[in-house]
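See below for the structure under consideration.
Numbering of ligands and ligand atoms starts at 1, following listing order.
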Amino acid sequence: TCGICVEKCPFDAIEIINLPQELNQDPIHRYGENAFALYGLPVPEAGSVTGILGPNGIGKSTAVKALGAELTPNLGEYGVDADWDAVLDRYRGTELQNYIEKLIEGDIEVARKPQYVDQIPKQFDGNTRQLLERTDERGDLDYLIDELSIRPVMDQDIDSISGGELQRVALAATLARDADFYFLDEITPYLDIGQRVTAARLVRELAEDEETDRSMLVVEHDLAILDLLADSLHVAYGEPGAFGVITDPKSVRNGINEYLKGYLSNENMRIRPEAITFEEHAPRETAKGQALIDYPDISKSYGEGEFSLDVDGGTVHRGEVLGIVGPNGIGKSTLAKLFAGSLEPDTGELDFELDIAYKPQYIEIDQPMRVDAFLSSITDDFGTSYWDTEVARPLQLNRIMEQNLTDLSGGERQRVAIAACLSKDAELYLLDEPSAHLDVEQRVQATTAIRRYAENHDATVMVIDHDIYMIDLLADRLMVFDGEPADHGHASNPQPMRDGMNEFLADLDITFRRDERTGRPRINKPDSQLDREQKRKGEYYYTG
Ligand code: ADP
Ligand code: ADP
Ligand code: MG
């Protein structure tokens with residue numbers, strides 16, 4: 001072997017045209033013999049937000065731990081005591097020299113938001129107030145609590161609040177600290193678009209504070225938010241679990257565009273065989289307009305005045321992908337349960353007799369059973385080359401087939417649940433937040449799998465999601481929710497994408513422009529010329 005390949009030759013995964021310089025050197029860290037190796041480190045920059053974009057298992061957290069001095073890089077020499085002076089020697093004369101010197105002197109205070117906020121209740125016993133009060137080092141905690149709408153859960157036990165609330169509490173706890181470097185390992189999981197934009201704004205505000213020189217390093221899989229958030233971007237690529245390379249910084253626009261294209265120009269490296277494109281959808285060949293379901297106005301409420309949902313009657317067409325968007329707590333999952341038949345409406349009737357496959361938002365597949373046994377119990381197609389191409393490969397299931405359902409990570413469980421849903425022979429597929437816990441690569445592949453499945457099977461799909469890129473790539477029409485979260489919700493009837501996006505984004509006061517080169521949607525800076533112009537015209541999303 002050439003010294004790079006550990007378990008597996010990377011040439012299988014990536015077409016290396018010219019071996020990048022990083023791979024000709026020793027790694028910055030290797031966990032052990034035949035273990036993961038990381039090449040390259042991101043460069044935190046004072047007063048700015050640096051993003052990292054890449055798949056899970058590629059070494060992003062390892063890099064973040066190294067820069068936070070939680071881990072001393074061993075420069076590939078595992079088994080001996082690593083020391084920072086050797087690392088400093090390696091980085092002398094580079095942009096990291098200064099940072100590493102300060103780190104060695106103990107001059108760097110680090111605040112870190114962990115990736116998996118679900119773990120927080122296992123480590124902390126107490127309520128939100130108790131967790132947050134210990135973090136108020138800058139006197140900004142009250143501001144953060146208000147901006148992130150945490151006030152209503154201040155006296156609730158940490159183990160009783162929702163994922164979205166936990167994420168916002170974790171963000172407040174990190175941003176309230178007085179640190180030099182803030183490492184945020186994903187800021188958007190469980191948040192709706194409005195909350196995502198708020199979180200991005202708060203991170204930017206702290207970086208831009210002129211009296212201090214704080215640096216922010218952010219790992220993020222929501223591309224629209226990453227675009228809004230970061231000043232520069234490192235792309236991470238390689239073979240998950242085997243090796244990872246962190247590139248030199250790129251401009252955010254270029255970095256995302258190259259990533260989507262699947263080709264890194266400076267590195268002369270193809271990281272994916274196909275580009276991800278955002279062109280207008282080609283018209284489907286299925287007979288449009290043929291109704292699968294005609295449903296009347298329906299309503300549903302929980303308890304006495306707790307939450308009520310009103311749904312405008314409408315039609316779901318055969319063979320379409322219907323996107324469903326709206327804030328958290330507005331009734332989207334309730335609607336999915338009504339359509340799936342696991343809840344009965346209070347008024348109006350859903351009396352269609354259809355085979356429905358439903359992936360709920362919170363996935364419960366906890367049987368002590370292997371992934372392959374579970375999936376083969378669902379479909380006779382399991383193991384056929386057809387099923388492999390359509391389902392297993394795009395959802396990256398082959399690597400986890402022999403694992404037990406109970407041992408899966410959040411992202412693995414999500415992919416198995418999507419596969420289980422698509423493997424059912426149904427007329428209507430209902431997917432509630434399929435992008436949760438997935439990295440960019442997995443989102444795109446899951447999106448492609450769902451889209452292709454719908455096209456090949458003339459299947460009808462309803463997808464709830466907060467990732468605007470995923471919705472844009474997937475949906476033919478849009479159902480938009482509005483109302484007052486946790487109080488009452490209202491669902492519009494399915495609308496054309498343009499009308500639906502305009503209604504949804506007008507409510508959020510956010511406009512998108514299109515990247516000239518790739519057609520990728522980008523969030524406009526509030527009150528920029530384009531933002532004002534598009535709002536005047538009432539065109540919040542599709543400008544073409
Ligand atoms: P990412 O943040 O990009 O998801 P990580 O840095 O967490 O990636 O992990 C990269 C790889 O290193 C993974 O395959 C992971 O299993 C492995 N790894 C992480 N920590 C250790 C460790 N302490 N010992 C051995 N391998 C590890
Ligand atoms: P979304 O999917 O849009 O986030 P949901 O449909 O899950 O919203 O929930 C809408 C509202 O109804 C929330 O305030 C939620 O707390 C409440 N809710 C959901 N399920 C129940 C239930 N079984 N009993 C009482 N309230 C519920
Ligand atoms: Mg929901």
Side-chain angles (χ1 to χ4, degrees), residues 6-8 27-39 41-42 52-68 70-71 73-74 78 114-116 152-153 160-165 183 185-186 190-193 195 217 219-221 234-246 300-309 311 324-340 342-343 360-362 399 409-412 430 432-433 436-442 464-466 479-491:
V6 187
E7 282 171 307
K8 197 168 167 189
I28 179 77
H29 190 75
R30 188 191 288 285
Y31 281 112
E33 196 180 358
N34 292 329
F36 180 83
L38 175 68
Y39 297 81
L41 281 177
I52 310 181
L53 169 60
N56 284 331
I58 210 80
K60 301 182 301 298
S61 300
T62 303
V64 160
K65 281 182 195 152
L67 293 175
E70 277 177 60
L71 172 157
N74 60 19
Y78 51 87
Q115 178 176 18
Y116 297 111
V153 298
S160 75
I161 66 179
S162 73
E165 288 157 350
F183 296 124
D185 206 345
E186 294 196 61
Y190 304 114
L191 302 188
D192 63 40
I193 294 183
Q195 294 165 338
L217 194 59
V219 174
E220 183 50 57
H221 297 301
H234 297 268
V235 175
Y237 66 90
E239 170 74 5
F243 77 100
V245 183
I246 293 182
K300 171 75 197 169
S301 57
Y302 294 116
E304 277 297 309
E306 278 180 48
F307 174 81
S308 65
L309 170 67
V311 182
I324 300 174
V325 292
N328 277 333
I330 203 80
K332 301 182 301 300
S333 295
T334 301
L335 177 95
K337 288 174 198 160
L338 289 167
F339 269 71
S342 63
L343 273 183
Q361 176 172 9
Y362 297 103
R399 251 185 283 159
S409 73
E412 290 164 345
L430 274 168
D432 195 347
E433 300 204 19
H437 302 297
L438 300 188
D439 66 35
V440 178
E441 201 70 38
Q442 292 164 345
I464 298 169
D465 214 273
H466 293 302
M479 186 186 270
V480 181
F481 276 72
D482 61 2
E484 188 61 46
D487 185 62
H488 64 275
H490 163 254

* **Residue portion contacting ligand 2 (non-hydrogen atoms closer than 4.0 Å) for Pro485** =>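 Near ligand 2, Pro485 shows nothing, with every heavy atom at 4.0 Å or more.
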* **Residues lining ligand 1 [heavy-atom distance under 4.0 Å, listed by chain and residue number]** =>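 Only Tyr31, Phe36, Pro55, Asn56, Gly57, Ile58, Gly59, Lys60, Ser61, Thr62, Gly241 have heavy atoms that fall under 4.0 Å of ligand 1, ordered by chain and number.
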Suppose I only count heavy atoms of [X] and a 4.0 Å limit; which atoms of ligand 2 are within that range?
X	value
Glu306	25 (C), 26 (N)
Lys332	1 (P), 2 (O), 3 (O), 4 (O), 6 (O), 8 (O)
Pro327	3 (O)
Ala486	14 (O)
Asn328	4 (O)

* Asked: Purely on distance, is any nitrogen or oxygen of Ser333 under 3.5 Å from one on ligand 2?
  ->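 Yes, there is a polar N/O contact under 3.5 Å.
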Under the 3.5 angstrom rule, does the side chain of [X] hit a backbone N or O of [Y] as a donor-acceptor pair?
X	Y	answer
Asp439	His221	no
Asp192	Asn328	yes
Lys332	Ile324	no

* Asked: Parallel, tilted or perpendicular: which describes the rings of His437 and Tyr190, with under 30° parallel and over 60° perpendicular?
  ->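 Perpendicular: the ring planes of His437 and Tyr190 meet at over 60°.
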* For side-chain contact (heavy atoms from CB on, under 4.5 Å), just list the numbers for Leu309 and Leu338, CA-CA rounded to whole Å, side-chain angles, deciding distance to a tenth of an Å, and then say yes or no. => CA-CA 11 Å; Leu309 170 67; Leu338 289 167; 4.2 Å; yes
* Asked: Of all heavy-atom pairs between Ser333 and Asp432, which one has the smallest distance, and what is that distance?
  ->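 Nearest heavy atoms, Ser333 then Asp432: OG-OD2, 2.6 Å.
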* Decide side-chain contact (heavy atoms from CB on, under 4.5 Å) for Leu217 and Leu67; before the verdict, give the C-alpha distance in whole Å, the side-chain angles of both, and the deciding distance to 0.1 Å. => CA-CA 10 Å; Leu217 194 59; Leu67 293 175; 3.8 Å; yes
* To do: Rounded to the nearest 0.5 Å, what's the gap from NZ on Lys300 to NZ on Lys337? Could you check?
  =>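 So the gap between those two atoms works out to 10.5 Å.
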* Take Ile52 and Phe183 through the side-chain contact (heavy atoms from CB on, under 4.5 Å) test and state the conclusion after the steps. => CA-CA 11 Å; Ile52 310 181; Phe183 296 124; over 6 Å; no
